[in-house]
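Please read the structure below before turning to the comments.
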Amino acid sequence: MSVIQKIKGFADMFPEDSRAFTRMEDAARLIFGRYGFGELRIPVLERTELFAKGIGEDTDVVGKEMYTFTDRGDRSLTMRPEATAGALRACIEAGVIEPGKPSRYYAFGPMFRYERPQKGRMRQFHQIDAELLGSAEPQADVEVILMLRDYLAELGIGELTFELNSLGCRECRPEYRAALTAFFEALDHEKLCEDCRRRMHSNPLRVLDCKVPNCKALVKDAPAIGDHLCGGCRDHFSAVLALVDSAGLTYTLNPRLVRGLDYYQRTTFEVTSGAIGSQTAVAGGGRYDGLVKLLGGPDAPGVGFACGMERLAMLMDKQEAPRPDFYLAVTDTREGSGALNAALLLAHKLRQRGLSGDCDYTAGSMKSRLRHAGRTGARKCYILGAEEFDAGQVTIKDMDEGEQMKIALAAFDN
């Protein structure tokens, strides 16, 4: 019979891998909690229209990459490709968003996009997401940027580059889109990739984000959005830069940074690393004023970010599993002696005392059991042989010092 294998682009994570994810989640609860963010858990499955409206129908995510299907109720449903739209849907539905009254939430979990699997990019991937809702001030932008810096520092990740840009707003961006379209129209269209030929009219900012080398070379002289910002956007971004300077954050201005989702405006940022191959972005985000209203909520501003957990894991130092406190070895091989039952109860009592460890319920020789205890890394080996069981005792061997002693099993009853 053939073995059923996992789907391409989806990964199994055993303890040596999942430890890094647990560490990221614990660090998020610690650092984000200091900033007043609370944990939000949202569904993996949402109505397709949420992402079509929120992310943008002309984006690659919506147009090419979503896992979408029709359920038995004839509803179009989608496995979430990102977290912000779902988080905002939840907050709108719960009525917790109020302009001028900031609320802060974070979430983590799996996302799904049908992309070509490669290092640092899977079809099921995981993100840590943070959203600050209700504040339009530049201080809110800087708060989430500094929180992201603190979070990455808590994970021990260094040698990262923060890139910042402003994408303008609904007032000034149309002028910039027109300037971009005019620039692209003057190019030799045949030299642009198929996606960029389509985007140059429907979503010209996305052409700036194309990774195809030929397209990157052609658009390097495209107009910069910084030259087309309105006074309000210019003042907002200047305030953001002054604040991050005051906070001592080292960053790079990147006028080509547009992100991949349509809802971003004004401040946008990305954190990159040169240590994980071609997929250099490990985190990114920005301001999305107008998105809450677009999804049916109040006209409340918002700013947030997401971290790719698989990519962060590639940059984190590997941590060994915690050393177990005990290994309980049964060496009484007599059939029906009751030693295995006594071992189960003893292990349970040790765990109730807050100790961690393993018990092997297959009786074996002293030599083989001590060898296995050494492989587990246990601090102490509890040995229950025929002599110990008959005497109502257990031998405790210190695996570091080699010393051992006997103690009554009844001593663990208290």
Side-chain angles (χ1 to χ4, degrees), residues 3-13 17-18 21 42-89 107-129 192-200 202-203 205-213 215-216 258-264 270 272 276-285 288 291 295 304-314:
V3 176
I4 299 174
Q5 298 181 332
K6 65 178 178 289
I7 303 169
K8 184 178 181 180
F10 291 69
D12 302 311
M13 281 191 287
D17 297 315
S18 63
F21 281 67
I42 53 177
V44 169
L45 204 60
E46 298 276 6
R47 296 178 185 274
T48 302
E49 63 184 304
L50 173 70
F51 302 113
K53 290 178 66 175
I55 298 174
E57 294 191 21
D58 288 326
T59 61
D60 285 353
V61 173
V62 173
K64 298 180 178 181
E65 299 170 359
M66 296 201 310
Y67 281 89
T68 297
F69 63 94
T70 302
D71 73 355
R72 295 182 179 181
D74 203 31
R75 292 171 292 245
S76 180
L77 305 180
T78 294
M79 307 274 289
R80 63 184 183 194
E82 59 94 52
T84 296
L88 296 193
R89 191 272 312 149
F108 33 69
M111 312 292 158
F112 304 87
R113 296 185 189 181
Y114 192 86
E115 298 183 285
R116 182 171 62 86
Q118 55 187 290
K119 184 179 179 182
R121 173 179 284 180
M122 300 292 286
R123 290 174 175 170
Q124 176 180 295
F125 59 100
H126 297 76
Q127 283 187 345
I128 290 181
D129 178 80
L192 291 171
C193 72
E194 181 181 347
D195 285 336
C196 285
R197 288 198 296 271
R198 171 177 51 84
R199 292 169 181 155
M200 61 185 288
S202 62
N203 196 350
L205 270 73
R206 293 289 288 117
V207 178
L208 301 177
D209 195 40
C210 184
K211 303 299 188 291
V212 176
C215 295
K216 290 175 69 173
V258 297
R259 306 288 296 152
L261 308 176
D262 278 357
Y263 52 64
Y264 287 115
E270 195 165 85
T272 61
I276 55 173
S278 61
Q279 300 301 318
T280 60
V282 299
Y288 47 78
L291 180 57
L295 296 178
F305 65 79
C307 303
M309 297 178 73
E310 280 82 0
R311 296 183 190 180
L312 291 181
M314 294 164 64

Find out whether [X] and [Y] are in side-chain contact, i.e. whether some heavy atom of one side chain is under 4.5 Å from a heavy atom of the other.
{"X": "L45", "Y": "R80", "answer": "no"}
{"X": "V282", "Y": "T272", "answer": "no"}
{"X": "T48", "Y": "F69", "answer": "no"}

Verify the neighbour count for atom OH of Y114: are there more than 12 heavy atoms of other residues, nucleotides or ligands below 6.0 Å?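 It does not: Y114 OH has 12 such atoms or fewer within range.
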Would a distance-only check, ignoring hydrogens and angles, find a side-chain to backbone donor-acceptor pair under 3.5 Å from S18 to M13?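 Looks like no, no N/O pair under 3.5 Å.
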N/O donor-acceptor pair under 3.5 Å between E82 side chain and A85 backbone: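 Yes; judged by distance alone, with no hydrogens or angles, the pair exists.
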Measure the spacing between [atom1] of [X] and [atom2] of [Y] and express it to the nearest 0.5 Å.
{"X": "T84", "Y": "Q127", "atom1": "OG1", "atom2": "CD", "result": "8.0 Å"}
{"X": "T70", "Y": "L77", "atom1": "OG1", "atom2": "CG", "result": "8.0 Å"}
{"X": "I7", "Y": "Q124", "atom1": "CD1", "atom2": "CD", "result": "9.0 Å"}

What are the two closest heavy atoms between [X] and [Y], and how far apart are they?
{"X": "P117", "Y": "G9", "value": "CG-CA, 3.8 Å"}
{"X": "F125", "Y": "F112", "value": "CE2-N, 4.0 Å"}
{"X": "D129", "Y": "A306", "value": "OD1-CB, 4.1 Å"}
{"X": "P110", "Y": "V44", "value": "CG-CG2, 4.5 Å"}
{"X": "M122", "Y": "A11", "value": "CE-CB, 3.9 Å"}
{"X": "M66", "Y": "P81", "value": "SD-CG, 3.9 Å"}

Is it the case that T68 and T78 place a side-chain donor and acceptor less than 3.5 Å from each other?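 Yes, T78 and T68 have a side-chain donor paired with an acceptor closer than 3.5 Å.
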Side chain to side chain contact (heavy atoms under 4.5 Å, CB included) assessment of R113 paired with Y67: CA-CA 7 Å; R113 296 185 189 181; Y67 281 89; 5.7 Å; no
Identify, with sequence neighbours excluded, every residue that meets salt bridge (Lys or Arg N to Asp or Glu O under 4.0 Å) alongside R47.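 Partners of R47 under the salt bridge (Lys or Arg N to Asp or Glu O under 4.0 Å) test: none.
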Test salt bridge (Lys or Arg N to Asp or Glu O under 4.0 Å) applied to E65 - qualifying residues, sequence neighbours left out: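 Per chain and number, E65 pairs via salt bridge (Lys or Arg N to Asp or Glu O under 4.0 Å) with no residue.
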Using the benzene-type ring in the case of Trp, are the ring centres of F108 and H126 under 6.0 Å apart?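 Ring centroids of F108 and H126 are no less than 6.0 Å from each other.
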State whether E115 and R123 are salt-bridged, where the test is any N-O pair (Lys NZ or Arg NE/NH1/NH2 against Asp/Glu carboxylate O) under 4.0 Å.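 Result for this pair is no, no salt bridge flagged.
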